[in-house]
Number of protein chains: 2
Amino acid sequence: MRNLKISSSLEDYLEAIAEIIESEKHAHSKEIAEKLKVSTPSVSHALQALAARGLIRYQPHAPVTLTRRGKKLADAIRHRHQVMKCFFANILKLSDEEADDFACKTEHILTEKYKDRFVALADAIENREDCTGLRKYLDEYLPTIEGEDSDIISLDLLPLGHEATVVSISENLPGIKKFADLGLVHGSILQMEGKAPFGDLIRIRVMESRLSMREKDAANIWVKPLNANANAAG
Amino acid sequence: MRNLKISSSLEDYLEAIAEIIESEKHAHSKEIAEKLKVSTPSVSHALQALAARGLIRYQPHAPVTLTRRGKKLADAIRHRHQVMKCFFANILKLSDEEADDFACKTEHILTEKYKDRFVALADAIENREDCTGLRKYLDEYLPTIEGEDSDIISLDLLPLGHEATVVSISENLPGIKKFADLGLVHGSILQMEGKAPFGDLIRIRVMESRLSMREKDAANIWVKPLNANANAAG
DNA sequence: AGCTTGACTTAGACAAGTCTAACTTTATAT
DNA sequence: ATATAAAGTTAGACTTGTCTAAGTCAAGCT
Ligand SMILES: [Mn+2]
Ligand SMILES: [Mn+2]
Ligand SMILES: [Mn+2]
Ligand SMILES: [Mn+2]
């Protein structure tokens with residue numbers, strides 16, 4: 001007997017295949033790769049895994065088709081996706097794209113039972129007559145909840161070796177003028193060069209200068225890390 | 001060095017470490033292993049990864065401690081866990097254990113923004129005065145939803161002559177409005193009346209009306225067969 | 001001090017999933 | 001028919017996360 005449970009990754013491949021077959025009749029590797037934003041060798045690899053589990057019919061260089069089991073599983077996944085997308089869009093008031101993205105993550109951890117409860121909840125909120133007040137409230141209030149730009153951290157949390165842009169400096173920072181003279185101002189790029197393991201001192205590089213400050217003072221400086229690939233010592 | 005974003009697995013280790021430190025002061029490998037149900041070598045491996053990312057202080061054979069960054073991240077994860085656990089338990093009426101399990105999965109894909117919206121929704125449902133009816137309904141109805149029937153299929157797979165309830169209709173369905181007018185909506189009962197052997201057309205009966213659609217379009221409609229009579233062989 | 005024992009780490013295997021580079025197959029255009 | 005281009009596969013590297021087996025460390029007990 002074959003395995004009934006497959007990985008999130010394979011679920012996404014299966015889902016993509018089903019959707020492509022539906023809209024274009026033939027599912028080609030390249031399209032799957034584009035849809036999932038992976039390389040074609042990754043697709044070949046996944047197709048072999050799906051074929052080994054009896055979910056698709058796969059012959060090299062021919063478009064894939066879904067077996068009956070594959071179709072059924074793909075439909076279940078797509079249904080979870082669709083149900084959650086509706087919940088996120090209609091109840092939580094996420095944008096269409098956000099709802100879609102988030103649904104495509106939840107679909108892999110959602111069981112039938114939980115899905116059904118989400119459906120029932122959404123259904124009640126949307127259709128019960130005594131919920132007009134709630135609906136109005138959700139409509140008006142939820143869209144105002146915006147996520148913080150959570151990339152921004154205080155300088156003392158910047159990992160060793162990482163670079164970051166200075167987003168803002170609190171005027172509480174002792175010696176702010178002196179630091180500004182050395183180039184530490186809004187918009188400048190700095191790198192965390194050293195952290196004393198016990199001590200309170202950190203060492204950073206800004207432009208051509210290097211400077212040290214107390215770790216707790218560094219909490220007054222907010223930075224946005226640049227894409228994480230700095231050359232790190234250590 | 002490393003990315004600021006860590007894997008689900010490392011998030012779980014970090015979460016476990018924070019909880020152990022809180023309840024026992026010292027986080028030992030063996031306890032982490034027991035809590036997460038993994039082997040101690042897996043723990044050693046994970047601890048090295050967390051240390052390399054500056055999230056814990058780790059020296060072989062000594063209990064680990066959280067760095068400031070590690071504590072902050074652990075707290076964020078635990079908060080997401082807690083918030084979702086409350087939602088699943090109090091709103092969706094899952095058991096404590098189910099809510100906990102499911103929360104520990106969702107915590108890894110939930111952003112701050114989405115978390116805040118779940119909180120606002122739960123808050124409104126639990127506390128608004130005009131929601132007593134909804135609360136009563138959820139209290140009585142949701143616990144009756146038990147999972148794992150899972151015989152939901154897309155309409156194109158419904159065998160000839162079989163009846164089914166419409167579970168959901170994707171908005172991708174072309175002509176969705178026209179079909180809705182004819183009675184094809186969530187909850188309606190339909191019967192598969194005909195399938196063209198080659199052609200793409202299927203014919204169904206809904207209420208008193210009969211209608212046809214392309215087979216591939218029918219894949220946008222999910223139905224639950226009424227009399228479990230379908231042949232299961234793949 | 002030396003022995004015993006449990007905790008912890010290291011070493012090495014493996015599976016999944018991704019990539020790039022290089023190759024093969026199929027389709028298209030002379 | 002042959003050359004070229006596109007699509008697809010294979011090979012092999014790398015990362016993450018898990019395991020078992022085999023060691024090392026440290027603490028407590030003779
Ligand atoms: Mn999806
Ligand atoms: Mn997905
Ligand atoms: Mn958790
Ligand atoms: Mn978790």
Side-chain angles (χ1 to χ4, degrees), chain A residues 2-17 20-21 24-65 73 77 104-105 107-109 227-230 232, chain B residues 1-17 20-21 24-65 73 77 104-105 107-109:
Chain A
R2 275 141 179 162
N3 213 338
L4 293 172
K5 181 73 186 161
I6 66 173
S7 67
S8 304
S9 173
L10 289 187
E11 285 189 348
D12 278 339
Y13 281 102
L14 204 60
E15 189 187 20
I17 291 164
I20 290 170
I21 285 175
E24 337 234 334
K25 210 68 191 172
H26 288 306
H28 289 276
S29 293
K30 203 191 168 195
E31 276 172 283
I32 301 170
E34 275 161 13
K35 185 155 201 156
L36 295 178
K37 295 186 171 53
V38 295
S39 66
T40 50
S42 298
V43 175
S44 289
H45 190 260
L47 294 183
Q48 285 163 24
L50 289 172
R53 287 165 178 75
L55 299 170
I56 61 170
R57 284 176 220 97
Y58 172 56
Q59 267 162 329
H61 299 281
V64 302
T65 56
L73 181 49
I77 296 160
C104 209
K105 288 174 185 159
E107 72 195 2
H108 309 292
I109 61 178
N227 260 343
N229 244 348
Chain B
M1 201 158 110
R2 305 296 191 282
N3 214 323
L4 295 169
K5 180 75 186 159
I6 65 172
S7 67
S8 304
S9 173
L10 289 187
E11 283 190 348
D12 278 339
Y13 281 102
L14 204 59
E15 189 187 19
I17 291 165
I20 291 170
I21 285 176
E24 336 235 333
K25 211 68 189 168
H26 288 304
H28 289 276
S29 292
K30 202 190 170 194
E31 275 172 284
I32 301 170
E34 276 162 13
K35 185 154 200 156
L36 294 178
K37 297 185 170 55
V38 295
S39 66
T40 50
S42 298
V43 175
S44 290
H45 190 259
L47 294 182
Q48 286 163 22
L50 290 172
R53 287 165 178 75
L55 298 169
I56 61 170
R57 283 177 220 97
Y58 172 55
Q59 267 162 331
H61 299 282
V64 301
T65 57
L73 182 48
I77 296 160
C104 210
K105 289 175 185 160
E107 72 196 2
H108 309 293
I109 61 177

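Note on naming: letters A, B, ... go to the chains in the order of the sequence lines (proteins, then strands), and numbering restarts at 1 for each one. Owing to the predicted nature of the structure, the values given are computational and were not obtained by experimental measurement.
- Following rounding to the nearest Å, A:His108 (NE2) and C:dG17 (C1') show an atom-to-atom distance of 14 Å.
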Base-contact (B) and sugar-phosphate-only (S) positions in nucleotides 23-28 of chain D, heavy-atom cut-off under 4.0 Å, - elsewhere: --S---

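- In this structure, A:Ser39 reaches the C:dC19 phosphate: one of its side-chain N or O atoms is under 4.0 Å from OP1 or OP2.
- With sequence neighbours excluded, the residues that form a side-chain contact (heavy atoms from CB on, under 4.5 Å) with B:His28 are B:His26, B:Glu31, B:Pro63.
- Residue pairs meeting the salt bridge (Lys or Arg N to Asp or Glu O under 4.0 Å) criterion with at least one partner in residues 35-49 of chain B, sequence neighbours excluded, are B:Glu19-B:Lys35.
- Listed by chain and number, the residues in a side-chain hydrogen bond (donor to acceptor under 3.5 Å, both in side chains) with B:Ser7 amount to none (sequence neighbours excluded).
- A close approach under 4.0 Å does occur between a side-chain nitrogen or oxygen of B:Ser29 and OP1 or OP2 of C:dT9.
- The distance between atom NE2 of A:His28 and atom C1' of D:dA6, rounded to the nearest whole Å, is 12 Å.
- Listed pair B:Ser42 / D:dC19 meets the phosphate criterion, a side-chain N or O lying under 4.0 Å from OP1 or OP2.
- Whole-Å rounding puts the B:Gln48 CD to C:dA11 P distance at 10 Å.
- Evaluation of the side-chain contact (heavy atoms from CB on, under 4.5 Å) rule for A:Ser39 yields A:Pro41, A:Ser42 as partners, not counting sequence neighbours.
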Can you pull every protein N or O that's under 3.5 Å from an N or O on nucleotides 11-17 of chain D?
unit_1	atom_1	unit_2	atom_2	d
D:dG17	OP1	B:Ser7	OG	2.2

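- Distance A:Glu31 CD to D:dG8 P: 8 Å, rounded to the nearest Å.
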